[in-house]
Amino acid sequence: MFRKDFKSKGHTQVKSSDRKKLRQQIQQIYSTLNDDILSLIIPTGKGEDFTSCKLLLSTGDEILVYSTNKIPWFFIIEDNKSKTERILPTVYLLWKCPDLLTLKFHTHKHVFNKLMNGADLMLPGLILPPGCVTLQTFRHVQRDEFCSICLDDNRYPIGIGQTTMDGDDMYMSGMKGRGIVPLHLYQDALWNIGPRTEVPYEKEQRQLFITDQEKINENIEQACAQASDNINTLNLNEEANLVPIPNELPDHPESMDEILNTIFFYLCQRKAKTYELPLLASHFYTIMQDCVPGLTLDLKLSSYKKFSKFLQHQQEINNLISIDEIKPGVLAITSFNLTNNEQLDSFRTPSWLKNYLTKASDVAAAATASVTESDFSNTKYTFPVITELWKTNSRVNELLGCSSSTHYLRADEVRQAVRSYVIRNNLNSDKQVKLDSILIRLFKTKDESTMLIGWNELNNAVFDAMSPCTEVSFVHLEQPIRINGHIQPIELECIDRNRKRQTFIRYLDTYQINLNELCKRIRQGASVSAVINDTDETKRTGRVVMAQGNQNSFITRLLKDDYGVPSKYIKEI
């Protein structure tokens, strides 16, 4: 969040009444904070320095940070899950109270540089307790929960993050994939506005995870107590009541192969008739991933390793589909064989999949109920008003009637100012212009002996002496944004790489288009995969959207119809 520099909108002293409210809120959220630390981060005495500062991040979000004597202690963000504001500590406050956040994860030192470069904390990078990871290990972890991030065995955190899945999903994913999204880290831009102190060190003593041995000891104690009670109450003279013992194992997926096959059979049985054929293999894999929200599919944990091999298995062994290579390197499903298939007819949705689907439908229903008409109107994209301007300088200020300061003028305003100057000084002569000492500055190859020039030549010389810039006005911003030079149009380029054709879309950030929403529309409309790709050219062009196949015509139509982008701001390479 604070990896890139931000803009500060100035510090404001917080009123005493607001300080009391903040103090009460923090006491309710973080009950482990003692009065000494509370008085340190939120002083209540008169004349004590306690300020709030609004930061404008590079993503366009605004964050409120509270500081005492130029030390940032905590900041406020909006929780995506509950849509409420959350007060989060900075590393400076975590170094005063390292166990302020109950959930804590440790990672290795060499991972820190990757986190600073913008990477998420992956599950394989976590330092886990000795022994194998079981379903009980992360039972206390909830999705979207805020946590501390520490290095090696150090008790003091180097940042805070937010979990991307709950404990059950961590175990089911085989400890693969994204685990934590960092929000604030040591040595980032927020840390940089403070005193820039280093991370203290103290060895972690408290236990962070639920170990297998604890669960085993607990089960043994319960079993022994139950057995003792049964022996004391046993009556051999009475007829024993036979209790049926279940011989079935808990209904839970045992491997990634079972998960993939179950979801595949479920889609074939319930949704296959609605798909338009041919269906790209990459798009069908996206459908399988989106089928069960909260459950991560990882082909590397399966015996297939690749999705193409998984589809070949379903074609050759189960005879459920027919696949074909419609283009070089592009695999697609050409038909579903749903009739007279014994395995498909005997398939029943297991209870674990029903539980996931029920949970996902409840979340979707709650999200739909919370969306209002105003939410839809706020999410609709409006193309900005783009105005080409010219920046004045000392060579043209006197000619254009400007003061010594810099001015921004439109092209028609520049031509009108030049014409007014020529007429006011009687320099026009039969559709030509006489040169004086001010006009002669515009030309490097002409001198006073050159008496007359044309109007077009004069206007071109004036524009050549000025610098172009572009003013972009968005409806959600009070002030327009000025860009040096001419604005770059949205570039669409189709490139062949490794026998695969891909479409790259650049300069979308310039027009503040929501890239996640654009990728979603491409996936739905063109039935191809579309992702945000951070490449080396990101600093020059902004983030790049990469879609599979040649999608120039579809994306051009999408940008014009849905986003209102004029044709002159779309360029196909």
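In what follows, residues are counted from 1 in the order of the sequence shown. Just so you know, these numbers come straight off a predicted model, no measurement behind them.
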Please determine whether the number of non-hydrogen atoms from other residues, nucleotides or ligands lying under 6.0 Å from atom CZ of Arg501 exceeds 12.
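It does not: Arg501 CZ has 12 such atoms or fewer within range.
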Taking atom CG of Asn117 as the centre, report whether more than 12 heavy atoms of other residues, nucleotides or ligands fall under 6.0 Å from it.
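Yes - once you tally the heavy atoms of other residues, nucleotides and ligands closer than 6.0 Å, there are more than 12.
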Not counting sequence neighbours, which residues clear side chain to side chain contact (heavy atoms under 4.5 Å, CB included) with [X]? List them please.
X: Lys520; value: Glu517, Arg523, Gln524
X: Cys150; value: Lys104, His106, Pro157
X: Thr510; value: Ile483, Ile487, Tyr507

Less than 6.0 Å separating the ring centroids of Tyr563 and Phe383?
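No.
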Is there side-chain contact between [X] and [Y], with heavy atoms separated by less than 4.5 Å?
X: Thr349; Y: Phe265; value: no
X: Ile573; Y: Phe504; value: no
X: Ile180; Y: Thr107; value: no
X: Phe6; Y: Leu57; value: yes
X: Ile149; Y: Leu121; value: yes
X: Thr137; Y: Tyr171; value: no
X: Met122; Y: Arg178; value: yes
X: Leu185; Y: Ile158; value: yes

Is it the case that the side chain of [X] and the backbone of [Y] share a donor-acceptor pair, with hydrogens and angles ignored and the cut-off at 3.5 Å?
X: Gln502; Y: Ile495; value: no
X: Gln269; Y: Phe347; value: yes
X: Asp153; Y: Lys203; value: no
X: Asp152; Y: Asn154; value: no
X: Ser302; Y: Met256; value: no
X: Ser148; Y: Asp99; value: no

In terms of ring plane angle, is the pair [X] and [Y] parallel, tilted or perpendicular, where the classes change at 30° and 60°?
X: His108; Y: His110; value: parallel
X: Phe264; Y: Phe284; value: perpendicular
X: Phe138; Y: Phe209; value: perpendicular

Contacts of Phe307 that satisfy ring pair (Phe, Tyr, Trp, His ring centres under 6.0 Å) - sequence neighbours left out
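With neighbours one apart ignored, the set is Tyr285, Phe310.
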Looking at Asp188 and Lys4, is any side-chain nitrogen of the basic one under 4.0 Å from a carboxylate oxygen of the acidic one?
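No.
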At what distance, to the nearest 0.5 angstrom, does NZ of Lys309 lie from CD of Glu316?
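Spacing of NZ (Lys309) from CD (Glu316) equals 12.0 Å.
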Tell me, with the steps shown, if Arg521 and Asp562 meet salt bridge (charged side-chain N to carboxylate O under 4.0 Å, His left out).
CA-CA 10 Å; Arg521 295 192 182 191; Asp562 293 5; 3.3 Å; yes
Please report, to 0.1 Å, the donor-acceptor pairs under 3.5 Å made by any side chain of residues 547-557, with sequence neighbours excluded.
from   : atom 1 : to     : atom 2 : distance (Å)
Gln548 : OE1    : Ser282 : OG     : 2.7
Asn550 : OD1    : Asn552 : N      : 3.4
Gln551 : NE2    : Gln548 : O      : 2.9
Thr556 : OG1    : Asn552 : O      : 2.7
Thr556 : OG1    : Glu572 : OE2    : 3.2

To check you understand the geometry: which heavy-atom pair defines the closest contact between Arg143 and Thr164, and what is its length?
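That would be NE-O, 3.3 Å.
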Between side-chain atoms of residues 318-326 and protein atoms elsewhere (two or more places apart, or another chain), which donor-acceptor pairs fall under 3.5 Å?
from   : atom 1 : to     : atom 2 : distance (Å)
Asn318 : ND2    : Gln314 : OE1    : 2.6
Ser322 : OG     : Ser335 : OG     : 3.2
Glu325 : OE2    : Gly329 : N      : 2.5

